[in-house]
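Okay, so here's the structure we're looking at.
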Protein chains: 2
Amino acid sequence: MPGSRRRLPTRDELRTWRDFLETTEALRSVLATRLQSDTGLSPGDYGVLLALSEAPGTRMRSSELAATLGWERSRLSHHLGRMERRGLIRREKTPADSRGAEISLAAAGAEAFQAATVPHLRAVRELFVDALTPEQLTAAGEIAAALRENLPAQKNQRAQKPASSTASEEPIHS
Amino acid sequence: MPGSRRRLPTRDELRTWRDFLETTEALRSVLATRLQSDTGLSPGDYGVLLALSEAPGTRMRSSELAATLGWERSRLSHHLGRMERRGLIRREKTPADSRGAEISLAAAGAEAFQAATVPHLRAVRELFVDALTPEQLTAAGEIAAALRENLPAQKNQRAQKPASSTASEEPIHS
DNA sequence: CTCCAGTAATTGACGTGTCAGCTATACGAT
DNA sequence: ATCGTATAGCTGACACGTCAATTACTGGAG
């Protein structure tokens, strides 16, 4: 018996890992496909449009947007380029800092987002929330927390909103 | 109160969904980065090499490989192209069906896989298995099963191995 | 044998993601 | 003012994925 194997997962643990990995991947992919065919938006598009719609004046500095989404700046640049081509957003120069760009929601983007939100949330409900018992849903949250806790510190932490007071006055969004 | 919102997730359910989504994504990405820097392989490379190493003669028909991995053929073609360029695998013509291609493990591929397996499994243990309590690990498996159950039927089901008899004679792999 | 529908695998176009490097501006120290 | 470094954003190269179309062969119906 090679003692060096002590720290390797057992067969059952690996099976669980594989199932977990594949299932979350499949779920992601089904959700993405559905969003795409329902509304023509990718998950990335949806995230960008969501952040912009919630921003005051539906406009945001590019780097602020990157921080909100937890994306690298170059990723955002590429993505915004594609979204701009499709007329979903606009890029303008900032008066304040002339290195900066201000991203604003275009009419087409606002409409697309409007049209996307209900179907998307319904899909999340159907494919995730309703698939689990209340106990499983709670467990899923705890598992996510435990995993995240254990993850090495990352550069692109998701921006944390300063938790609104009463927990029910804001628009419901994913 | 708009009755049309009945089927939308609540704020808490959405929060759980977001946490779950982001955490699994982060986990995947950390694991991928680690595999890459430890061994120069992507998760895709690893999967291909794993399937080939377990195949009799370390060779397989391309479409069989696609079925084993649950990948689309075109995805596999592209990936094999990249792996072939790096000398990890070889493509040969099949004697049986001259439309077919036989994929075989090249020496460099076998070595790379050998070198990758222990570090990779250790990482899975560290970042997934050891992050969870035994109960959470069980719950994770059940959650995956429940979600998968609820997913619409997919074209690319993962090929199911005909469960070996005693559950402990085969090589441990992810 | 000939035709043709089906199958194996590849290809090209294009969206998406990362990394490394570039340009332009900002701004504190001198 | 000017020098140096930091910051904002963009770009190019390349890996990865999907979709639709293509190529080349198989195998049965006539």
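FYI, side chains are in, hydrogens and waters are out, and symmetry mates aren't considered; it's all heavy atoms of this structure. Reminder, nothing fancy here: chain letters follow the sequence lines and each chain counts from 1.
Between Glu92(A) and Arg90(A) there is a salt bridge, since at least one side-chain N of the basic residue sits less than 4.0 Å from a carboxylate O of the acidic one. Comment: Arg91(B) engages Glu84(B) in a salt bridge, judged by a side-chain N to carboxylate O separation of less than 4.0 angstrom. Electrostatic pairing of Glu25(B) and Arg28(A) counts as a salt bridge here, judged by a charged N lying under 4.0 Å from a carboxylate O.
Atom CZ in Arg61(A) sits roughly 11 Å away from atom P in dC10(D) (whole-Å rounding). Atom CZ of Arg28(B) is separated from atom P of dG17(C) by 13 Å (rounded to the nearest Å). When rounded to the nearest whole Å, the span between CD of Glu72(A) and P of dT7(D) equals 16 Å. At whole-Å resolution of the value, CZ in Arg75(A) and C1' in dG15(C) are 12 Å apart. Rounding to whole angstrom units, CD of residue Glu64(A) and P of dT7(D) are separated by 17 Å. If you measure from atom CD of Glu102(A) to atom P of dC10(D), you get 13 Å, rounded to the nearest angstrom. Rounded to whole Å, the distance from CG on Leu76(B) to P on dC16(D) is 13 Å. If you measure from atom CH2 of Trp71(A) to atom C1' of dC19(C), you get 17 Å, rounded to the nearest angstrom.
Formation of a donor-acceptor pair under 3.5 Å by the Thr94(A) side chain with backbone atoms of Ala96(A) is not found in this model. Without hydrogens or angle criteria, Thr39(A) side chain to Leu35(A) main chain gives a donor-acceptor distance under 3.5 Å. Of the possible polar contacts, one joining the Arg125(A) side chain to the Leu8(B) backbone as a donor-acceptor pair under 3.5 Å is found.
Applying the side-chain hydrogen bond (donor to acceptor under 3.5 Å, both in side chains) rule to Arg86(A) yields the partners Asp45(A); only residues at least two apart in sequence or on another chain are considered. Among residues two or more places apart in sequence or in another chain, the side-chain hydrogen bond (donor to acceptor under 3.5 Å, both in side chains) test is passed with Thr23(B) by Arg148(A).
Between Phe128(A) and Trp17(B), the two ring planes are tilted [angle within 30° to 60°].
Under the salt bridge (charged side-chain N to carboxylate O under 4.0 Å, His left out) criterion, the residue pairs touching residues 30-43 of chain A are Arg34(A)-Glu126(A), with sequence neighbours excluded.
Annotation: of the two residues near DNA chain C, Asp45(A) and Ile103(B), the 5′-most nearest-nucleotide partner is Ile103(B).
Judged purely by distance below 3.5 Å, without hydrogens or angles, the side chains of Arg82(A) and His79(A) pair a donor atom with an acceptor atom.
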* Structure fact -> Protein heavy-atom contacts under 4.0 Å, written 5' to 3' over nucleotides 21-28 of chain D as B (base), S (sugar-phosphate only) or - (none), form the string ---BBS--

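For the contact set between residues 31-44 of chain A and DNA chain C, defined by any heavy atom under 4.0 Å, the members are Ser42(A). Using a 4.0 Å cut-off on heavy atoms, the residues of residues 77-90 of chain A that approach DNA chain D are Ser77(A), His78(A), listed by number.
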